[in-house]
Amino acid sequence: MVDYPVQCYRVSSTFRMLGSLPVEDVELYLTVCGTERCSPDKFYGPIVRRDYHVHFILSGKGTLEMDGKAYSLHRGQIFVTVPNVNVFYYSDPEDPWHYAWVSFNGAKAALYLEKAGLTRESPIRDVLLEPEEFLSVIEEILNHHEITIANELTRPYLTHIFKQKMDISPQEYLLSYRLEQGSRLLRTTGMSIQEIAGDIGYENPLTFSKMFKSAYGDSPRNYRMKVQGQKKGEPFTGNG
């Protein structure tokens, strides 16, 4: 894939792709999105891009190579490639992946990805929803491929489609995911509350504690104590 300076739409039996007009002065804008059923050993790169590419793996397997590291990936995972970094990724020879992708940029693109738990240092993660949910969002965008400067797919429109398909806003999904990760770390690690808060994207651990208590009915500290008590055979009395 390359940068697309003008509108384009391509479709075949295994591939659908939409490229939109770049807009440099907004906080988030779409550049490319699409779906592809890759053939065995299908590869992209090495390549350096100018935008963020997020891939949702629907089935099969593949590998991402970035910053000297190799990541083995499978259905139910997301991976991101970031601007100005050399990347290389390819499908498995026996079980090639089928994925959907969305590419974007903007003043707050990196911030939104960081809140979702995707960074250059941590470019992969599991998803909470079925991958097909993400596919339906991207297919909705593809079905509206008559893009003009007047109706380009900017953040409000993407938010509308996301909420329409998933019955939850992107912000609500990110909050749910971050707190789910927080609860998992409380249950399975000895990390401090401050460390957990920072790991899931909260600079202030008090903010994390407040959001966690609102969702789970207990502070992170009490939640951890009750889970540990449950492991020792004591009844778990938490509210969440």
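Just so you know, residue 1 is the first one in the sequence shown, and it goes up from there.
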Could you tell me the separation between the CD atom of E180 and the CG atom of D126, rounded to the nearest 0.5 Å? 11.0 Å

Spacing of CZ belonging to R221 relative to OG belonging to S192, to within rounding of 0.5 Å: 9.0 Å

Is there side-chain contact between L175 and R178, with heavy atoms separated by less than 4.5 Å? no

According to ring pair (Phe, Tyr, Trp, His ring centres under 6.0 Å), does anything in residues 113-133 pair up with another residue at least two apart or in another chain? List the pairs. none

Would you give the length of the straight line joining atom CG of L58 to atom CD of Q77, rounded to the nearest 0.5 angstrom? 12.5 Å

Could you check whether atom NZ of K213 has more than 12 heavy atoms from other residues, nucleotides or ligands sitting under 6.0 Å from it? no

Using side-chain heavy atoms (C-beta onward) and a distance below 4.5 Å, is V87 in contact with I47? yes

Any non-hydrogen side-chain atom of I78 less than 4.5 Å from a side-chain atom of V54? yes

Excluding sequence neighbours, so at least two apart, what forms salt bridge (charged side-chain N to carboxylate O under 4.0 Å, His left out) with K115? none

Quick one: name the residues clustered hydrophobically with L111, using the 4.5 Å side-chain heavy-atom rule over I, L, V, M, F, W, Y, and just say none if it's on its own. none

Find out whether L64 and P123 are in side-chain contact, i.e. whether some heavy atom of one side chain is under 4.5 Å from a heavy atom of the other. yes

Nearest heavy-atom pair of I196 and R224: which atoms, and what distance? CD1-NH2, 3.6 Å

So, using side-chain contact (heavy atoms from CB on, under 4.5 Å) as the criterion, who are the partners of F88 when residues are at least two apart? F43, P46, E65, Y90

What pair of heavy atoms forms the shortest contact from G34 to I138, and how long is it? O-CG2, 3.8 Å

So, do F134 and I57 sit near enough that their side-chain heavy atoms are less than 4.5 Å apart? no

Set of side-chain contact (heavy atoms from CB on, under 4.5 Å) partners for T119, sequence neighbours left out: E114, E121, S122

So, for Y52 and A110, which heavy atoms are closest and what is the spacing to 0.1 Å? OH-CB, 3.2 Å

Heavy-atom closest contact (D67 atom, R120 atom, distance): OD2-NE, 2.7 Å

Looking just at side-chain N and O atoms, do D51 and T31 make a donor-acceptor pair shorter than 3.5 Å? yes

Any side-chain donor near an acceptor of the partner, T81 and H53, under 3.5 Å: no

Per the salt bridge (charged side-chain N to carboxylate O under 4.0 Å, His left out) rule, what does the pair list look like for residues 71-89, sequence neighbours excluded? R75-E130, R75-E132

Criterion side chain to side chain contact (heavy atoms under 4.5 Å, CB included) on Y99 and S59, from CA distance to verdict: CA-CA 7 Å; Y99 54 55; S59 63; over 6 Å; no

Testing the 3.5 Å rule here: is there a donor-acceptor pair between the side chains of E36 and Y44? yes

Got V102 and F56 here, is their nearest side-chain heavy-atom distance under 4.5 Å? yes

What residue pairs, at least two apart or across chains, pass side chain to side chain donor-acceptor pair (under 3.5 Å) with a residue in residues 198-212? none

Would L135 and L73 show up in the same hydrophobic cluster when neighbours are defined by side-chain heavy atoms closer than 4.5 Å? no

Residue list, side-chain hydrogen bond (donor to acceptor under 3.5 Å, both in side chains) with D41, at least two apart or on another chain: none

Side-chain heavy-atom pair P83, R50 within 4.5 angstrom cut-off: no

Please say yes or no: joined through hydrophobic side-chain contacts below 4.5 Å, possibly via intermediate residues, are M211 and L206 part of one cluster? no

Going by the rule side-chain contact (heavy atoms from CB on, under 4.5 Å), which residues pair with P96 if we only count those two or more places apart in sequence or in a different chain? P40, S91

About how many Å separate CZ of R187 and CG of L185, when rounded to the nearest 0.5 Å? 9.0 Å

N84 and V48 have their tightest heavy-atom pair at CA-CG1, 3.5 Å

Test ring-ring contact (aromatic ring centres under 6.0 Å, His included) applied to F79 - qualifying residues, sequence neighbours left out: H55, Y89, W97

Any residue meeting ring-ring contact (aromatic ring centres under 6.0 Å, His included) with F212, in chain and number order, not counting sequence neighbours: F208, Y216, Y223

From CG (N86) to CZ (R49), nearest 0.5 Å: 10.5 Å

Nearest-0.5 Å distance that lies between atom CD in Q228 and atom CG in L186: 9.5 Å

With sequence neighbours excluded, tell me which residues meet side-chain contact (heavy atoms from CB on, under 4.5 Å) with D95. K61, D92

